[in-house]
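For reference, the structure discussed in these notes is given below.
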Amino acid sequence: MTIEVKFFASLREQLGRGETRLTAAGPMSVAEVWSQATDNAEMPANVLMALNMEYVTADTTVNDGDEVAFFPPVTGG
Amino acid sequence: MTIEVKFFASLREQLGRGETRLTAAGPMSVAEVWSQATDNAEMPANVLMALNMEYVTADTTVNDGDEVAFFPPVTGG
Amino acid sequence: MHSEIREQPFEPYAELLKYQQAMHAAGRYGATAVFVGSMREFNEDETVTAMELEHYPGMTEKYLHNLGEQAAARWDLINSLILHRVGRVKPDDAIVLVAVWSTHRKDAFEASRYLMEELKSRAPFWKKEQTSEGQRWVENNTAGY
Amino acid sequence: MHSEIREQPFEPYAELLKYQQAMHAAGRYGATAVFVGSMREFNEDETVTAMELEHYPGMTEKYLHNLGEQAAARWDLINSLILHRVGRVKPDDAIVLVAVWSTHRKDAFEASRYLMEELKSRAPFWKKEQTSEGQRWVENNTAGY
């Protein structure tokens with residue numbers, strides 16, 4: 001299965017890339033997606049996570065074709 | 001002493017006049033101004049009172065040259 | 001802090017823009033909260049074709065001026081504007097415009113609502129509606145909270 | 001209930017008027033509550049000359065759409081409009097416009113503030129400021145309550 005991973009704002013700059021694609025043997029958690037996509041970098045405490053453009057928590061299951069995004073606290077408005 | 005008395009909105013219509021002038025021997029209360037200006041009509045429970053364009057209560061003292069106004073609950077905005 | 005009684009119809013957003021430009025505060029405010037009260041063509045299930053807005057000349061101006069100063073004392077405001085219509089009002093006409101400019105949104109939100117609630121409960125204006133059944137004084141404003 | 005991302009500067013009150021006319025609800029709404037967030041030329045004691053507003057294309061649109069629907073489910077609204085800027089923003093530019101139309105003021109006041117607070121805390125936008133000291137990501141929004 002393949003998973004699209006996106007990073008935004010300061011996180012994108014720190015990691016040096018805005019998106020990547022993972023291939024995995026089967027369903028995994030959002031936390032596992034982070035680890036695999038960042039070479040096991042430590043996850044910042046305030047990071048926000050979205051699965052298919054909806055907020056989720058780190059233990060949510062990710063399936064084939066899903067899009068997972070990680071980003072810092074939002075500052076719009 | 002003379003006192004200017006004003007009535008607004010439904011109160012003005014009920015009393016049949018918007019303003020009147022009282023002459024009095026000395027200081028009196030807002031309640032006494034009402035009685036004298038309305039031929040002792042009963043004061044509606046929800047009437048509002050202003051002395052020189054500031055809200056007051058019925059026991060406030062009125063002096064020579066003052067303007068006293070009576071009106072129903074306000075409905076602006 | 002400015003307030004004004006208007007005897008003629010006014011376009012609230014044009015007034016607001018004009019006032020905002022004259023403020024010369026561009027780049028200083030981060031928040032603008034605006035409220036516009038307009039005349040509806042129905043009230044309590046009856047069609048209202050027009051309205052007569054009476055006020056207490058002198059006291060309304062004084063009341064609105066003091067109200068603006070009170071808001072400025074309580075919140076951190078850059079500026080505020082209150083316009084209120086009197087006279088014969090038609091459906092869709094603006095009755096009241098309240099606008100508040102501040103650095104951060106909390107002040108603008110709270111002050112604009114405060115101005116409206118105080119104005120609604122204390123400013124000496126009275127509405128007389130013209131309906132298909134004749135004329136009637138509006139007896140009470142609807143609750144704001 | 002409408003929301004939109006804008007890549008170019010917009011004049012909030014002109015947008016509001018245009019949308020309001022297209023609503024065809026004249027005489028139905030008695031209350032319009034509006035909030036405009038604009039770019040300030042200073043932040044945390046530093047002069048800000050420009051800002052880059054990044055967002056998460058797709059999720060922002062989805063988030064703002066759902067937010068409008070949530071407000072409409074919770075309050076008695078006639079309509080609502082949310083516009084949000086992205087890209088390169090200059091001081092005094094509008095960043096966000098929120099407008100809510102309702103019969104009575106309580107709904108418009110509460111819904112407009114709700115929309116702004118939710119948008120500020122959850123909509124996926126990020127600001128990077130250009131100051132005299134260089135570029136910096138804004139780390140947190142100021143509290144709204």
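None of the values given here were measured: they were computed from a predicted structure. Just so you know, these numbers use all the heavy atoms, side chains as well, and skip hydrogens, waters and symmetry mates.
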| request: Return the minimal non-hydrogen interatomic distance between A123(C) and V74(B), and the atom names on each side. | output: O-CB, 3.1 Å
| Can you name the closest pair of heavy atoms from A111(C) and V100(C) and give their distance? | CB-CG1, 4.1 Å
| said: Taking side chain as everything from C-beta outward and backbone as N, CA, C, O, which of these in A9(B) sits under 4.5 Å from a heavy atom of chain C? Side chain, backbone, both or neither. | reply: both
| query | Does any heavy atom of chain C fall under 4.5 Å from the side chain of N52(B), the backbone, both, or neither of them? | reply | backbone
| message | Using a 4.5 angstrom heavy-atom cutoff, name the option from E13(B), M53(B), E54(B) with the most pairs to chain C. | response | M53(B)
| task | Considering only heavy atoms and a distance below 4.5 Å, find which of L48(B), T75(B), N46(B) pairs most often with chain C. | result | T75(B)
Heavy-atom distances under 4.5 Å only: say whether [X] touches chain B with side chain, backbone, both or neither.
X	value
E139(C)	backbone
R122(C)	both
K128(C)	side chain
K120(C)	both

| said: To the closest 0.5 Å, what do you measure between CZ (R28(C)) and OG (S102(C))? | reply: 11.5 Å
| said: Is it the case that the ring center of Y56(C) lies less than 6.0 angstrom away from the ring center of W126(C)? | reply: no
| task | Give the member of T142(C), T60(C), V138(C), L53(C) that has the highest number of heavy-atom pairs under 4.5 Å with chain B. | result | V138(C)
| With a distance cut-off below 6.0 Å to the six-membered ring centre and an angular limit of 45° from the axis, does R40(C) pair with F42(C) as a cation-pi contact? | yes
| message | Using a 6.0 Å distance limit plus a 45 degree cone around the ring axis, check whether R74(C) lies over the aromatic ring of Y114(C). | response | yes
| query | When you look at Q130(C) and T49(C), which way does the side chain to side chain donor-acceptor pair (under 3.5 Å) test go after all the steps? | reply | CA-CA 6 Å; Q130(C) 177 76 52; T49(C) 53; 5.1 Å; no
